[in-house]
Visitor: 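Quick one: the structure is below, and I'll ask about it shortly.
Just so it is clear, the model here is predicted, and its values are computed rather than measured.
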Amino acid sequence: MGSVTFYIQICLIITSIKLMLIPAYRSTDFEVHRNWLAITHSLPIREWYQDERSIWTLDYPPLFAWFEWALSHIAKYFDPDMLVPTNLEYASSNTILFQRLSVITSDLVLLSAAYALSRRPGSPQSNAPLRGPTLFFLVTCAAGLLIVDHIHFQYNGFLLGVLLWSIFFLERGASNAWLDSNPNPESQESSSRGIEIRNRVVRDFLLGSVAFAVLLNLKHLFVFAGPAFFVFILRRFCFLAKPSLATASSSPIDGNSPLSSSFHSSSFHSSSSLPSSSRPSSSRPSSSPPSPSFSFARFAGVGGAVVAVFVLSLAPFGLEGQLPALLARLFPFGRGLCHAYWAANGWAIYSAADKVAAATLLRGRRQRASMTGGVVGVQTFAVLPNVSAPISLLLSILAMLPCLLSLFLSPVSSVATSSSSSSS
């Protein structure tokens, strides 16, 4: 799993590289976040999602707005002028220094989550000495993150760190879930240990669910992974396998996480990899695995925790009557299907096809495809039909259904794999 020294060395090296990139090129997103610092620091809450002094209006969820508000109270010690809403395109040396350092510091969330995942006991990494360090290196030293966050300027490392913490808690909870439904009757301590493990499972699934809810309230674009997270939590936490004499196994404790194996209904792996004292006796009668039972208490518990996050996030703006303005900023359906076709998904191909069609079929005419600018605005197609929000949502759900159904019937290697598959 690698020594602690190795992880410290990687952190120091990658942080040194980030510090050297402070004077590097920066994109318009630098001004976007400077403007959000000014809005959240200088204006009352009721104006956060109303202010239009700049074209770079606040369009992230409330928790990210509060994140900017918190940063602004540190920023004032670097250069208070950056917090004036009318100082558009302001970029003093201290402003640049502060904003760059804010991204570097927030990356601690990513570094800590990657470290926790790479050294989690019972994970696939624990049986492969190089697997944990490799995972940590690939996550924390990703060239894409360096370019987008520390040159272009964004906070993706911070957001991905929250996502990884959610995955860490859910995978740790799932790795212990087998003891929750398959107690060892041969052990005199099975009852007390079973309660302890059950409490751990509940705690980890609640923490993982809350972490993902926090992530959605930091950047709502992560909603693409929501269906997979929901199905994973529903199947692995809310459906309980009934204990039976024929319970042939679970995921082994000696290294192979249950998330790295598929299972059908409530049956698990063969118990050959369990310690001999934990294996079912061969003299026990065999029977088919019992059907899982649905736990409404667990469903209500995890659902209540998630709802509480959203209530706490949205309540201040609801009390100010700003929910319509907030939702209009987060979901600007009036702009059309694409935001300058930047998103690397199926609609980018649709946009490209429209550009080709416009260039060939509308040659010599003034009408042309408008999916070429980076500034937010109303985008329409020149030749291909414009796709409405309901149609786009329906097609997205239909595309996810096969993956979600497969995940429910036979969970794949991890919740991370599940969410990425459902969004592809």
Side-chain angles (χ1 to χ4, degrees), residues 26-72 75 82-83 85-90 99 102-103 106 148-149 152-160 162-163 213-226 309-310 312-318 320-345 347-348 351 370-380 389 392-393 396:
R26 57 189 185 276
S27 74
T28 53
D29 276 340
F30 181 88
E31 168 62 14
V32 169
H33 288 281
R34 187 217 58 82
N35 186 52
W36 293 359
L37 287 171
I39 289 173
T40 56
H41 183 84
S42 304
L43 302 180
I45 291 178
R46 63 179 179 274
E47 296 183 26
W48 286 9
Y49 289 95
Q50 298 275 13
D51 183 76
E52 294 183 346
R53 291 181 180 88
S54 168
I55 60 175
W56 311 119
T57 53
L58 179 60
D59 58 5
Y60 270 32
L63 289 189
F64 198 91
W66 288 112
F67 171 69
E68 295 276 7
W69 173 85
L71 289 178
S72 72
M82 78 171 84
L83 303 175
T86 54
N87 280 353
L88 304 182
E89 304 297 334
Y90 187 80
Q99 291 196 241
S102 70
V103 178
S106 66
V148 174
D149 281 10
H152 180 88
F153 194 88
Q154 287 185 14
Y155 291 89
N156 292 297
F158 163 62
L159 297 169
L160 287 175
V162 178
L163 176 64
V214 167
L215 177 65
L216 292 180
N217 282 273
L218 285 168
K219 189 166 185 177
H220 55 304
L221 295 184
F222 283 95
V223 72
F224 74 86
V309 173
F310 278 86
L312 292 174
S313 173
L314 299 173
F317 300 92
E320 294 284 349
Q322 293 302 304
L323 283 184
L326 188 156
L327 294 175
R329 287 282 181 86
L330 298 187
F331 303 100
F333 295 122
R335 296 179 190 168
L337 181 65
C338 299
H339 179 144
Y341 78 80
W342 288 356
N345 55 31
W347 296 119
S351 300
S370 61
M371 305 289 173
T372 56
V375 179
V376 172
V378 177
Q379 306 289 349
T380 58
S392 175
L393 176 62
S396 297

Visitor: When you measure from the side chain of S392 to the backbone of A389, do you find a donor-acceptor pair of N or O atoms at a distance under 3.5 Å?
Guide: no
Visitor: Just wondering, do V162 and K219 contact through their side chains at under 4.5 Å, heavy atoms?
Guide: no
Visitor: Kindly compute the distance separating CH2 (W36) from OG (S54), expressed to the nearest 0.5 Å.
Guide: 10.5 Å
Visitor: For N35 and W56, indicate whether the former's side chain and the latter's backbone hold a donor-acceptor pair under 3.5 Å.
Guide: yes
Visitor: Hey, what do you get for OG1 (T40) to CG (L58), rounding to the nearest 0.5 Å?
Guide: 7.5 Å
Visitor: Are P61 and L216 side-chain neighbours, meaning at least one heavy-atom pair lies under 4.5 Å?
Guide: no
Visitor: Sub-3.5 Å donor-acceptor pair from the side chain of R34 to the main-chain atoms of N87, do we have one?
Guide: yes
Visitor: Output the distance between atom CD (Q99) and atom CE (M82), rounded to the nearest 0.5 Å.
Guide: 6.5 Å
Visitor: Once rounded to the nearest 0.5 Å, what's the spacing between atom CG of L163 and atom CG of L218?
Guide: 11.5 Å
Visitor: Does the Y49 side chain pair with the main chain of Y60, one donor and one acceptor, at a distance under 3.5 Å?
Guide: yes
Visitor: So, for H152 and S27, which heavy atoms are closest and what is the spacing to 0.1 Å?
Guide: O-OG, 2.8 Å
Visitor: Roughly how far, to the nearest 0.5 Å, is the CD atom of E320 from the CG atom of L326?
Guide: 12.5 Å
Visitor: So which heavy atom on V148 is nearest to which on N156, and how close?
Guide: CG1-ND2, 3.2 Å
Visitor: Check whether W48 reaches the backbone of L43 with its side chain - one donor and one acceptor, N or O, closer than 3.5 Å.
Guide: yes
Visitor: Partners of R46 by side-chain hydrogen bond (donor to acceptor under 3.5 Å, both in side chains), sequence neighbours excluded?
Guide: none
Visitor: Any side-chain heavy-atom pair from R53 and I39 closer than 4.5 angstrom?
Guide: no
Visitor: Looking at residues at least two apart in the chain, or sitting in another chain, which of them share a side chain to side chain contact (heavy atoms under 4.5 Å, CB included) with A213?
Guide: V306, V309, F310
Visitor: Does some side-chain heavy atom of T57 sit less than 4.5 Å from a side-chain heavy atom of D51?
Guide: no
Visitor: Between F67 and F158, does the ring centroid distance fall short of 6.0 Å?
Guide: yes
Visitor: So, using ring pair (Phe, Tyr, Trp, His ring centres under 6.0 Å) as the criterion, who are the partners of F153 when residues are at least two apart?
Guide: F30, H33, Y155
Visitor: Can you tell me how far apart CZ (F331) and CG (D59) are? Round to the nearest 0.5 Å.
Guide: 11.5 Å
Visitor: Are the side chains of W66 and I45 in touch, meaning some heavy atoms are under 4.5 Å apart?
Guide: yes
Visitor: Going through the checks in order, is the side-chain contact (heavy atoms from CB on, under 4.5 Å) test met by L83 and Y90?
Guide: CA-CA 9 Å; L83 303 175; Y90 187 80; over 6 Å; no
